[in-house]
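A short worksheet on the structure shown next.
For clarity, every value in this text was computed on a predicted model and none was experimentally measured.
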Amino acid sequence: MSTNPQWNSSLYSPKPPAPASLLGFGYNGGSNSSSNLLSSSGPVVNGFNNFPSFGRSNSGSGSFFPSQANPASTQFSVNNSQTGSLSPTLGSSSIGHFPIGTFNANSAFSEESIKSPSAPHAGNGNVHRDGGSNSPNNLGSRETGIIEKLLHSYGFIQCCERQARLFFHFSQFDGNIEHLKIGDPVEFEVTYDRRNGKPIASSVSKIAPEVVLSEERVTGTVTTELGTGQQGRISYENRGECFFLPYGKDDVEGNVTLSVGDKVSFQIATSHSGNLGARYIRLENPAHPVRYQGVVCSLKESFGFIERGDVVREIFFHFSEAKGIADTMELGDDVEFTIQTRNGKEVACSIIKLPPGTVVFEDVNPETLKGQVLKPLERGANVAALNTEPLSGRLRYRGRDRSEVEIPFGDKDQKGEYTLRHGDWVQFNIAVDRRDKLERATNIELQDESFVVSGEKRETGVVAAVKDGYGFIKCAERDARVFFHFSEVISQDEEVDQNSEVEFTMSQDQTQPNKQSAVRIKILPPGSVQFEVITQRNIVGTVTREPSSSWAQRSPSRVNGERSADDMGLVSYQLNGIMEHVPFQMRECDVRNSPRLGDEVEFDLAQVKRTKEHIGLNIRIVQRAQVNKSGGKFSENGENTKNESQHTNGEGNKVHKGFIASLKDTFGFIENLSHDKEIFFHYSHFDGDVDSLDLGHEVQYTLTGKTPSSGKISAENVKLLKKGTIARHAVDEEILDGIIVRPLRNVNPDQAQYAGLVKLGSDVDAEEASYEFGITSLANKKDFLQRGDQVQFQIERTEEGKERATRIRVVRKKLRSTVDAIKGQFGFLNYEMEDGKKLFFHLSEVKDNATLQPNDTVEFVLITNQRTGKSSACNIVKMETQRPDWLAARLRTMSIDENGPRFYVLRQPKGPDGTRGFKIAPRSSVSSNGVSAAKANGDSEAVGNA
């Protein structure tokens with residue numbers, strides 16, 4: 001060993017002839033002192049790569065350098081002879097240990113500081129700076145830590161003085177970021193992020209380590225195993241000679257026990273005093289392969305990863321190493337394998353399957369605890385990609401000593417994937433990982449008291465539709481259906497089916513910010529959800545319209561078999577001297593004793609929660625209607641009809657009168673004289689020009705029997721009457737303010753009643769007098785009155801003493817915009833809606849049939865269709881422009897051809913008194929010879945040049 005050419009380096013010669021290197025260390029200093037090993041200009045490579053190595057004690061078993069307690073152990077020293085060789089000496093003076101986790105940036109390392117246990121450089125993992133408070137750069141308290149993770153433009157530091165993990169940006173590092181490695185010791189200041197107030201590291205600077213590592217890894221063989229109070233040894237060859245290096249327990253990577261004969265790779269570390277040792281030892285090929293266990297956690301096309309059962313780490317494997325089981329391998333399989341190092345990376349080899357449940361990662365305490373959510377998990381694809389913490393959730397609970405304890409949890413620890421919120425009360429168990437003894441909360445279940453504490457608004461409804469993984473809920477208190485995902489169901493033991501009654505919370509949809517969805521869904525017992533609230537019981541009335549004879553299964557959800565307005569029955573009754581009409585469905589009756597037209601019935605009056613409309617429930621027959629001698633019975637208008645398919649035959653076909661209530665493309669509806677019903681008619685049954693019809697026109701008609709296809713009565717022989725043929729009722733002069741409670745059925749086709757309802761005052765839910773109205777009650781028959789519209793009206797009284805609203809004028813805010821485009825019978829305005837689209841309008845809404853062109857300014861009223869939820873413009877008025885229509889049309893058609901005729905100004909105009917311009921006066925006529933009448937005033941120079 002005395003003639004090893006490896007040590008003939010300028011590092012140990014007084015006069016360096018040329019730069020040389022020592023096993024890749026790259027030192028070119030000229031001093032023999034051990035302090036020059038650290039002050040050398042050579043690069044520091046592969047610094048502290050293993051965080052647990054820092055803060056190591058100075059005992060002989062924790063370091064690869066021998067101590068005074070073992071003077072007989074082999075020691076290496078630098079020999080300053082001309083050969084420059086390293087010679088082992090036995091029984092020589094002890095070479096002191098150096099504290100691996102102790103750093104000092106201001107003072108040199110001294111051997112006395114190592115030997116003295118009271119020296120400020122004791123191996124406690126802390127950094128002591130001399131004169132740090134006097135440094136001009138020390139603006140705040142400086143702390144130390146270890147680089148734990150380095151990403152694209154930022155990283156994380158594990159603090160030494162506190163249990164914290166701080167973020168830092170590369171811009172805060174003082175030096176070349178390429179020289180910063182994981183495990184490097186650093187010094188920094190603690191500041192706070194302005195955006196979220198969290199502590200972060202700034203002014204980060206690297207601390208020079210007290211040992212220097214070789215740049216390349218060296219391979220060798222374990223010759224001596226670690227023992228109690230005894231260091232291990234590794235032998236390696238270099239240029240034909242064999243060398244031995246000591247190592248300690250903390251110098252071995254991973255949870256590995258080295259045996260004699262194991263092939264390992266390592267880095268050679270040099271201390272201040274020149275002692276060499278093996279660091280970061282990695283098992284390459286064991287002499288006797290050790291079998292490890294784990295669980296398959298990821299599978300790709302030809303490879304996968306195994307979660308190891310001995311350490312918190314995943315290991316790569318190729319399918320070729322799982323012969324015979326690769327085709328049947330699935331996620332979650334328990335396996336056993338050996339570890340080999342290939343291309344510097346550990347891989348799993350010789351994989352075999354184990355019985356399910358063999359590998360256990362953690363122990364779950366059966367004790368159930370109760371706590372609150374401090375930090376819920378953030379879900380979503382984008383959030384999951386940015387979240388680097390596997391256990392990002394936090395719970396708080398009281399320990400056995402009544403102190404508050406925080407514990408983390410991950411996305412797999414919650415029973416279900418429903419939304420948790422801050423402050424929720426949950427019950428859970430504590431799981432302890434066998435590998436790193438980390439505690440976390442698991443089996444987390446949401447408690448019902450969370451909804452009381454949070455104060456969130458809970459709604460109820462019934463599942464109306466179920467798809468693959470999602471569905472829709474019919475809400476009890478809102479008209480629209482709400483989307484929900486199965487993952488939001490709290491109870492995993494119950495299945496969600498159609499007609500399931502549920503309780504839920506409305507929340508903003510994460511995938512579509514403009515939409516809401518149901519979250520935190522709880523399944524309720526059948527009969528819990530009520531769509532109506534009974535306001536009065538045992539009311540007596542008369543059936544004026546029979547419901548459809550088809551029977552829908554009775555369900556508290558009232559979703560299945562829901563009928564349109566024409567399929568529902570109608571009951572008339574007196575309430576406070578006013579005749580009212582309420583619809584009812586067949587399922588509210590006794591199927592064996594269904595009510596017929598004219599029957600006296602008793603029922604309960606209820607209000608539908610989502611629409612605030614009234615409906616009849618629990619229909620009970622009090623007395624059957626009496627049938628006359630001709631076998632007829634009462635019709636819907638109180639008239640006598642022989643059967644459902646024939647007209648009255650006393651006076652032939654009876655003629656009825658009414659008003660045009662609605663006009664569609666090929667059909668329309670007529671409002672009867674009672675103003676409580678509309679009757680369908682087809683344009684083919686109108687005697688005259690259909691284009692002459694308008695809303696509110698008086699007509700006469702006859703009724704036809706129910707058609708076999710639709711089962712509805714329709715009008716035929718429709719004829720237009722002269723205005724005033726139908727007598728009008730007396731109208732009070734007082735003008736009242738009110739609000740629309742219920743629109744006409746042509747505005748909301750889903751409602752049962754035809755007539756609209758207006759209430760005094762400005763509050764829809766106020767207990768004020770209300771009045772019905774029809775199409776004839778509108779001052780402007782084209783007004784599209786909606787629920788909540790403010791109106792002014794007067795009251796008319798019929799011969800029967802019933803009060804109705806009439807001369808209704810809507811009070812709406814008028815908006816202005818310009819025409820964007822005209823397409824046939826409709827167009828669009830430059831008025832953007834919430835979805836970014838232009839506002840639609842129909843040309844029939846344009847006042848006085850004015851011709852609209854793009855860029856014309858108009859005034860309009862914004863309305864929303866209650867059934868479709870779409871908005872449109874109505875009552876469109878074209879605003880006057882500075883140019884008259886004939887001039888605008890002339891300018892649009894004017895040729896811009898340069899060869900066309902031109903006009904030249906010969907003389908500026910002057911008034912009769914010689915001033916510029918003319919006073920406002922009637923325009924004089926022009927004679928046939930082209931000379932203006934201004935000639936009579938002496939203006940003989942005016943010439944027309946065409």
Under 3.5 Å, which donor-acceptor pairs link side chains of residues 345-361 to any protein atom two or more places apart or in another chain?
| from | atom 1 | to | atom 2 | distance (Å) |
| --- | --- | --- | --- | --- |
| Glu346 | OE1 | Arg308 | NH1 | 3.3 |
| Lys353 | NZ | Thr328 | O | 3.1 |
| Lys353 | NZ | Thr328 | OG1 | 3.4 |
| Lys353 | NZ | Asp333 | OD2 | 3.4 |
| Thr358 | OG1 | Pro355 | O | 2.6 |

Student check: side-chain heavy atoms of Ile281 and Ile234 closer than 4.5 Å: yes
Side chain Glu225, main chain Val260, donor-acceptor under 3.5 Å: yes
Modelled atom types, side-chain donor and acceptor of Thr270 and Arg279, under 3.5 Å: no
Contacts of type salt bridge (Lys or Arg N to Asp or Glu O under 4.0 Å), residue Arg440, not counting sequence neighbours: Glu362, Asp413
Whether Arg394 side chain and Leu391 backbone form a donor-acceptor pair below 3.5 Å: yes
Contacts of Gln163 that satisfy side chain to side chain contact (heavy atoms under 4.5 Å, CB included) - sequence neighbours left out: none
Cationic N near anionic O, under 4.0 Å, Glu307 to Arg435: yes
Residues, nucleotides or ligands: over 12 heavy atoms within 6.0 Å of Asp433 CG: yes
Salt bridge (Lys or Arg N to Asp or Glu O under 4.0 Å) contacts in which one or both residues fall within residues 283-292, not counting sequence neighbours: Arg291-Glu336
Side-chain heavy atoms of Asn285 within contact of Gln340, under 4.5 Å: yes
Residue pair Ser203, Gln172: steps toward the side-chain hydrogen bond (donor to acceptor under 3.5 Å, both in side chains) verdict: CA-CA 5 Å; Ser203 302; Gln172 293 293 324; 4.5 Å; no
Taking every non-hydrogen atom, the tightest pair across Thr223 and Ser235: CG2-OG, 3.3 Å
Check: Asp262 side chain, Val222 main-chain N or O, donor-acceptor pair, under 3.5 Å: no
Pairwise side-chain contact, Phe337 with Ile315, heavy-atom cut-off 4.5 Å (strictly under): yes
Flag, side chain of Lys412 to backbone of Phe409, donor-acceptor distance under 3.5 Å: no
Centroid-centroid distance, Phe316 to Phe303, less than 6.0 Å: yes
From Ser302 atom OG to His318 atom NE2, the distance as rounded to the nearest 0.5 Å: 4.0 Å
Heavy-atom side-chain proximity of Tyr247 to Leu245 below 4.5 angstrom: no
Heavy-atom pair of closest approach, residues Arg142 and Ser202: NH1-O, 4.4 Å
All side-chain hydrogen bond (donor to acceptor under 3.5 Å, both in side chains) counterparts of Arg162, not counting sequence neighbours: Glu143
Heavy-atom donor-acceptor pair, Gln158 side chain to Ala164 backbone, under 3.5 Å: yes
Short side-chain to backbone donor-acceptor contact, Arg217 and Ser265, under 3.5 Å: yes
Where at least one partner belongs to residues 315-326, residue pairs that pass salt bridge (Lys or Arg N to Asp or Glu O under 4.0 Å), sequence neighbours excluded: Glu321-Arg342
Minimum heavy-atom distance between Glu301 and Phe319, given as atom pair plus value: O-CE1, 3.2 Å
Chi angles and distances behind the side-chain hydrogen bond (donor to acceptor under 3.5 Å, both in side chains) call for Thr221, Arg233: CA-CA 9 Å; Thr221 305; Arg233 289 202 306 171; over 6 Å; no
Near-ring test Phe428/Tyr397, centroid separation under 6.0 angstrom: yes
Test of ring centre spacing under 6.0 Å for Phe167 and Tyr154: yes
Option among Ile200, Ile146, Val204, Asp184 that satisfies the side chain to side chain contact (heavy atoms under 4.5 Å, CB included) test with Ile157: Val204
Which atom of Ala431 lies closest to which atom of Val364, heavy atoms considered: CB-CG2, 4.1 Å
Donor-acceptor pair between Asn429 and Asn365 side chains, under 3.5 angstrom: no
N/O donor-acceptor pair under 3.5 Å between Thr338 side chain and Tyr292 backbone: no
Shortest non-hydrogen contact from Phe173 toward Leu180: CE1-CD1, 3.9 Å
Side chain proximity check, Ile306 to Cys297, heavy atoms < 4.5 angstrom: no
Any Gln293 side-chain heavy atom under 4.5 Å of Val335 side chain: no
Where Pro199 and Val190 come nearest, the two heavy atoms and their spacing: CB-CG1, 4.1 Å
Distance, nearest 0.5 Å, that separates CZ of Arg434 from CG of Asp363: 4.0 Å
